[in-house]
Amino acid sequence: MSEQTIRIIIAGPRGKMGKEAIKMVTSTEHFSLQAVVDTKNAGKKLSDLEDQPNLDIPVYDDMVACVSEVEADVLIDLTKPDSGKKHLQIALEYGLRPVIGTTGFTDQEIADYSRTAEEKEIGAVIAPNFAIGAILMMKFSQMAAKYMPDIEIIEQHHDQKLDAPSGTAMKTAHMIKEVRSNKRQGHPDETEDLQGARGGEYDGIRIHSVRLPGRVAHQEVLLGTTGQTLSIKHDTIDRSAFMPGVKMAVETVMKLDTLVYGLENLME
Ligand SMILES: NC(=O)c1ccc[n+]([C@@H]2O[C@H](COP(=O)([O-])OP(=O)(O)OC[C@H]3O[C@@H](n4cnc5c(N)ncnc54)[C@H](O)[C@@H]3O)[C@@H](O)[C@H]2O)c1
Ligand SMILES: O=C(O)C1=N[C@H](C(=O)O)CCC1
């Protein structure tokens with residue numbers, strides 16, 4: 001029996017991730033790209049945009065107009081923090097299942113959107129990182145944190161990234177918080193003579209964000225205890241690494257009736 005076709009809208013088609021997602025969706029047999037939502041180019045076709053396949057797919061510059069006119073099952077959002085939140089809300093209101101790769105969500109926002117998805121009994125995924133290696137890095141860090149609770153996270157990204165810390169660093173800290181009691185790290189009398197020198201603090205964990213041209217997405221979790229340290233590190237060197245995770249999230253969101261935060265919750 002052939003798989004049911006999943007009809008998809010992508011927001012952010014001219015972006016680094018949006019371009020990869022268009023390639024993945026249009027080359028997946030049971031996915032159908034129905035429309036894209038951009039910040040401009042309304043009324044044009046996907047084929048009118050630079051570096052895009054020669055496809056007669058409509059371009060919108062307004063999410064409400066798009067979801068009102070186009071029949072779709074899933075919205076993939078790869079835009080920027082403020083738009084990602086707006087698009088997630090619109091998708092839930094209009095009965096589309098959102099798969100949100102856009103980062104920059106606070107704990108409170110995730111809790112609020114989860115409640116909305118639950119009330120509406122609609123599947124949704126917020127995935128701060130779609131790369132399988134990154135998910136494993138987070139899971140391994142969570143395992144290790146139980147035994148080595150002194151932890152610092154160093155994440156590195158390209159210098160066009162808008163949000164800090166990264167969604168992955170925050171997700172890692174959330175996962176560690178599940179297994180580790182709040183712990184103040186470092187010397188009780190330590191001072192910060194240069195503001196920010198000790199990084200951001202979440203539940204006692206220090207998070208340091210590096211932004212440099214030439215980087216893609218990287219994270220190292222450092223755990224220390226008497227006489228030893230453990231480093232758990234992941235490097236993304238090409239954005240194609242994210243696409244199997246996006247594909248899996250699109251397929252799985254069709255079977256959900258609530259919001260799932262993090263791809264690790266969809267993996268067996
Ligand atoms: N979850 C993951 O695995 C993962 C991986 C990489 C990037 N990201 C996140 O995905 C987002 C996009 O990353 P990127 O590297 O592609 O960024 P990018 O800057 O290359 O692309 C973002 C695109 O979104 C467009 N955009 C902005 N506002 C929009 C709106 N309101 N409607 C439609 N389009 C809009 C911009 O014009 C741009 O083309 C970021 O939040 C980033 O942190 C997540
Ligand atoms: O390029 C980005 O921006 C990325 N953001 C994610 C994050 O904030 O964790 C994941 C990897 C790439």
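Bear in mind that the values here come from a model prediction, so they are computed numbers and not experimental data. Counting starts at 1 for both ligands and their atoms, in listed order.
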If you measure only the distance, is there a donor-acceptor pair under 3.5 Å linking the side chains of [X] and [Y]?
{"X": "Tyr261", "Y": "Asp107", "answer": "no"}
{"X": "Gln89", "Y": "His87", "answer": "no"}
{"X": "Glu220", "Y": "His234", "answer": "no"}

May I ask you to list the atoms of ligand 2 that are less than 4.0 angstrom from any heavy atom of [X]?
{"X": "Thr103", "value": "6 (C), 7 (C), 8 (O)"}
{"X": "Ser166", "value": "7 (C), 8 (O), 9 (O)"}
{"X": "Gly167", "value": "7 (C), 8 (O), 9 (O)"}
{"X": "Asn129", "value": "10 (C), 11 (C)"}
{"X": "Ala217", "value": "11 (C), 12 (C)"}

Item to check | Proximity flag Lys16 to ligand 2, non-hydrogen atoms under 4.0 Å | outcome: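 Heavy atoms of Lys16 never come under 4.0 Å of ligand 2.
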Checklist entry - Is the closest heavy atom of Phe242 to ligand 2 under 4.0 Å? => result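 Heavy atoms of Phe242 do come under 4.0 Å of ligand 2.
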Checklist entry - What about Ile100 and Met248, same hydrophobic cluster or not, with Ile/Leu/Val/Met/Phe/Trp/Tyr joined at side-chain heavy-atom distances under 4.5 Å? => result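 Unlinked, Ile100 and Met248 end up in two clusters.
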Checklist entry - Looking only at distance, does Val216 have an N or O less than 3.5 Å from an N or O of ligand 2? => result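 No: no nitrogen or oxygen of Val216 is under 3.5 Å from one in ligand 2.
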Item to check | Glu20/Lys23 salt bridge by N-O under 4.0 Å criterion | outcome: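 Looking at Glu20 together with Lys23, the answer is yes, because their closest N to O distance falls below 4.0 Å.
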N/O contact list for ligand 1, threshold under 3.5 Å:
residue  : atom   : partner : partner atom : Å
ligand 1 : 1 (N)  : Gly101  : O            : 3.1
ligand 1 : 1 (N)  : Ala127  : O            : 2.8
ligand 1 : 1 (N)  : Pro128  : O            : 3.1
ligand 1 : 3 (O)  : Phe130  : N            : 2.8
ligand 1 : 16 (O) : Lys16   : N            : 3.2
ligand 1 : 16 (O) : Met17   : N            : 2.8
ligand 1 : 20 (O) : Lys16   : N            : 2.9
ligand 1 : 20 (O) : Lys16   : NZ           : 2.9
ligand 1 : 28 (N) : Ser83   : OG           : 3.2
ligand 1 : 31 (N) : Ser83   : OG           : 3.1
ligand 1 : 39 (O) : Gly15   : N            : 3.3
ligand 1 : 41 (O) : Thr103  : N            : 3.2
ligand 1 : 43 (O) : Thr103  : OG1          : 2.7
ligand 1 : 43 (O) : Lys161  : NZ           : 3.0

Checklist entry - Counting heavy atoms only, which part of Lys171 comes closer than 4.0 Å to ligand 2: side chain, backbone, both or neither? => result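 Answer for Lys171: neither.
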Checklist entry - Where on Thr168 is there a heavy atom closer than 4.0 Å to ligand 2, on the side chain, on the backbone, on both, or on neither? => result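 The answer is both.
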What protein heavy atom sits nearest [atom], and how far away is it?
{"atom": "atom 2 (C) of ligand 2", "value": "His158 NE2, 3.5 Å"}
{"atom": "atom 3 (O) of ligand 2", "value": "Lys161 NZ, 2.9 Å"}
{"atom": "atom 10 (C) of ligand 2", "value": "Pro128 O, 3.3 Å"}

Checklist entry - Heavy-atom distance under 4.5 Å between the side chains of Glu152 and Leu223, does that happen here? => result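 When only atoms from C-beta onward are counted, Leu223 and Glu152 do not touch, as no gap falls below 4.5 Å.
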Checklist entry - Can you tell me if CD on Glu69 sees more than 12 non-hydrogen neighbours from other groups inside 6.0 Å? => result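 Yes, enclosed.
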Next on the checklist: Please report the interatomic distance CG(Asp163) to OG1(Thr103), rounded to the nearest 0.5 Å.
Outcome noted: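 One gets 3.5 Å once the value is rounded to the nearest 0.5 Å.
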Next on the checklist: Would you compute the distance between atom CD1 of Ile10 and atom CD of Gln34 and round it to the nearest 0.5 angstrom?
Outcome noted: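 Reported value, rounded in 0.5 Å steps: 11.0 Å.
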Item to check | Audit row: Asp159, Arg211, salt bridge (Lys or Arg N to Asp or Glu O under 4.0 Å) steps and yes/no | outcome: CA-CA 5 Å; Asp159 66 345; Arg211 298 290 176 263; over 6 Å; no
